[in-house]
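Report on the structure given below.
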Amino acid sequence: MSSMTSTDGSVPSSAPSPSSAQATPQTAARPAASPRAAHDGAPPFLLAPFDRRTWRAYGFLWLALLLAPFALAYSLITVSFMAGVAVTVVGLFVAGGVLLGARGWGSMYRRMAVRYLGVEIAEPAPRTPRKGFWRRLGGMLGDATAWRALLYMFVTFPLAIAGFVVSTVFLAVALGGMTHWFWSGWLPLQQAHDGTWHRGASFGTDWFVDTPARQLLLVAAGVILFYLWPQFQALFVGLFRLLAVGLLSPTRASLRVAYAERARAVTVEDADERLRRIERDLHDGTQAHLVAVAMQIGEARELLRDGAGGAGAGVDTAELAAVLETAHSSTKDTLAELRELARGIRPPALDAGLAVALETLAARAALPVRVHAVGLEGADLPPSVTAISYFAVAELVANATKHARASGVDVVAGVEPVADAATGAAVRALVLRVHDDGVGGAAVRAPDPSGRGSGLAGLTDRLSGVDGTLGVVSPVGGPTVITVTIPLPAPAARR
């Protein structure tokens, strides 16, 4: 086992470069910046009338038109009913329940947008009932997701009518113009001003489409309208997309609140699990060893008492020495176990800094670990960041030892500027890259059926407690580069 720390900023060739692994955003652990369109762009102009996306969008306009009157009625009834019963508290509870029903409408419209318009919209955070009478009532009446869905239902009513009418008229006129030569023979005869009779579409009072040249001209006009139809329809569909993304997706504030609540819950569960593990280790290991030591000391005392009583030939020094030796050995084992337990709570090496702690971890690893610490001496890292960073590296090294069949691990630790996921601004972050030459294939898998994350999923949950992210690059066959990124507070914020 080897350990090496570079203080001049140089990284040996065996270490991964800073760009070899990028932290990937995790939608389960970090709030999404905004919903994004999932479609592959607009279809080519010549293929647009025959593209399935165009016809899906037209089907969406049909559904939107059918639902628009009911959605408008629901939104108006909700607001008027709330205004009518505002004088009674019980009535406000009923109005709050009606308002929360708009969440169901929003979910339906969201699924429609995803299915027919190719828009990816994140689900809003589920509503959590508050405790207390007035807090519960305020939570119902102030549900932002329901109000935004209600606004969507109201403003899309005229848009649904206009979009359906314009799209259908364009399509009907285009198809009618292209097929006029076929069905115009069943039209009734019409008389022009000069007394002649004509059969076909008329433009004005004396211009009839009843000659081959005029039929061909109308077919050409129909083809042009047929190709313009998807373009005009796309204007209304684009407005529906904007409204769906703007009003039916969760706000950035709600995502951050949900993320903070989830991170807090994960942190509490992790702390509770760690306390239970410590209690179990103390009860099953250390306590049992101490009981054994007490029994051995008691046996030695009995031997001394029997020898001092003169009942026999004196104290059996050999037997007494064996008992004391056993007690001494058990005491040393208990102390070693207590040291390991204390190291699992917070390694003493962390008091000397993260770089020293990582060196100590590398020296105790079961395979060669090379540590490359760059610029950590004056970084002034918060204790919570250093602790979770140490345990994250320890778990990743253990994974490489157990599962990757690696011959060595490189750990690169340093403070780097990274882009904030929410604002895009550059922020300071502690970046840890753990590189092994194993078989690869590592991935963040779903938590086990008990609901607790395990492996990389569990590490991702624990990192969420300090707003950290986990990036995994692990092709089959290796190598594996796992990047841990933990944003650091500004120096002024820590003083």
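Taking the side chain as every heavy atom from C-beta outward, Leu354 and Leu430 approach each other to under 4.5 Å. Thr483 places a side-chain heavy atom less than 4.5 Å from the side chain of Val431. Between Pro250 and Thr145, every side-chain heavy-atom pair lies at or beyond the 4.5 Å cut-off. Considering only heavy atoms from C-beta on, Val94 stays 4.5 Å or farther from Val85 through its side chain. Taking 4.5 Å as the limit, every side-chain heavy atom of Leu72 sits out of range of all side-chain heavy atoms of Met153. Taking 4.5 Å as the limit, some side-chain heavy atom of Pro479 sits within range of a side-chain heavy atom of His435. Between Thr179 and Trp183, the closest side-chain pair of non-hydrogen atoms falls below 4.5 Å. Between Val484 and Leu396, the closest side-chain pair of non-hydrogen atoms falls below 4.5 Å.
Of the inter-residue distances, the one linking Leu248 atom CG with Arg103 atom CZ reads 12.0 Å to the nearest 0.5 angstrom. Expressed to the nearest 0.5 Å, how far CD1 of Ile77 lies from CE of Met82 amounts to 13.0 Å. To the nearest 0.5 Å, the span separating CG on Leu432 from CD1 on Ile486 amounts to 6.0 Å. Leu67 contributes atom CG, which lies 12.0 Å from atom CZ of Phe157 (distance to the nearest 0.5 angstrom). Taken to the nearest 0.5 Å, the CG atom of Asp410 stands 12.5 Å off from the CZ atom of Arg433. Going from atom CG of Leu358 over to atom NE2 of His372 covers 11.5 Å, rounded to the nearest 0.5 Å.
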Trace of the side-chain contact (heavy atoms from CB on, under 4.5 Å) decision for Met178 with Val223: CA-CA 6 Å; Met178 290 189 295; Val223 171; 3.6 Å; yes
Check against side-chain contact (heavy atoms from CB on, under 4.5 Å), Leu243 and Leu159: CA-CA 10 Å; Leu243 289 173; Leu159 181 61; 3.8 Å; yes
Step-by-step side-chain contact (heavy atoms from CB on, under 4.5 Å) determination, Leu99 to Leu150: CA-CA 8 Å; Leu99 174 63; Leu150 213 63; 4.0 Å; yes
Chi angles and distances behind the side-chain contact (heavy atoms from CB on, under 4.5 Å) call for Val412, Val434: CA-CA 7 Å; Val412 179; Val434 180; over 6 Å; no
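A side-chain donor-acceptor contact under 3.5 Å links Arg148 to the backbone of Gly246. Of the possible donor and acceptor atoms, none in the side chain of Thr480 sits under 3.5 Å from a partner among the backbone N and O of Ser474. In this structure a side-chain-to-backbone donor-acceptor pair under 3.5 Å is present from Thr54 to Ala48.
Phe226 meets the ring-ring contact (aromatic ring centres under 6.0 Å, His included) test with Phe50; sequence neighbours excluded. In terms of the ring-ring contact (aromatic ring centres under 6.0 Å, His included) criterion, Phe81 has no residue partners (sequence neighbours excluded). Not counting sequence neighbours, the partners of Ala160 by the side chain to side chain contact (heavy atoms under 4.5 Å, CB included) test are Ala64, Ala68, Phe240. Qualifying side-chain hydrogen bond (donor to acceptor under 3.5 Å, both in side chains) partners for Ser167, counting only residues two or more places apart in sequence or in other chains: Trp229, Gln233.
Residues Ile121 and Ala113 approach most closely at CD1-CB, 4.2 Å, considering heavy atoms. Considering every non-hydrogen atom in both Thr485 and Ala429, the closest pair reads CG2-CB, 3.9 Å. Closest heavy-atom contact between Leu488 and Pro382: CD2-CD, 4.2 Å. For the residue pair Ala400 and Val409, the shortest heavy atom distance occurs at CB-CG2, 3.9 Å. In plain terms, the two heavy atoms of Leu61 and Gly163 that are nearest each other are CD1-O, 3.7 Å. Of all the heavy atoms in Phe93 and Met140, the pair that sits closest is O-CE, 3.4 Å.
Among residues at least two apart or in separate chains, side chain to side chain donor-acceptor pair (under 3.5 Å) pairs with a member in residues 109-118 are Ser107-Arg111, Arg110-Glu123. Judged as a side chain to side chain donor-acceptor pair (under 3.5 Å), the pairs with a partner in residues 62-88 (not counting sequence neighbours) are, in order, Tyr58-Trp62.
Annotation for Phe154: atom CZ does not count as buried by contact number, only 12 or fewer foreign heavy atoms lying within 6.0 Å.
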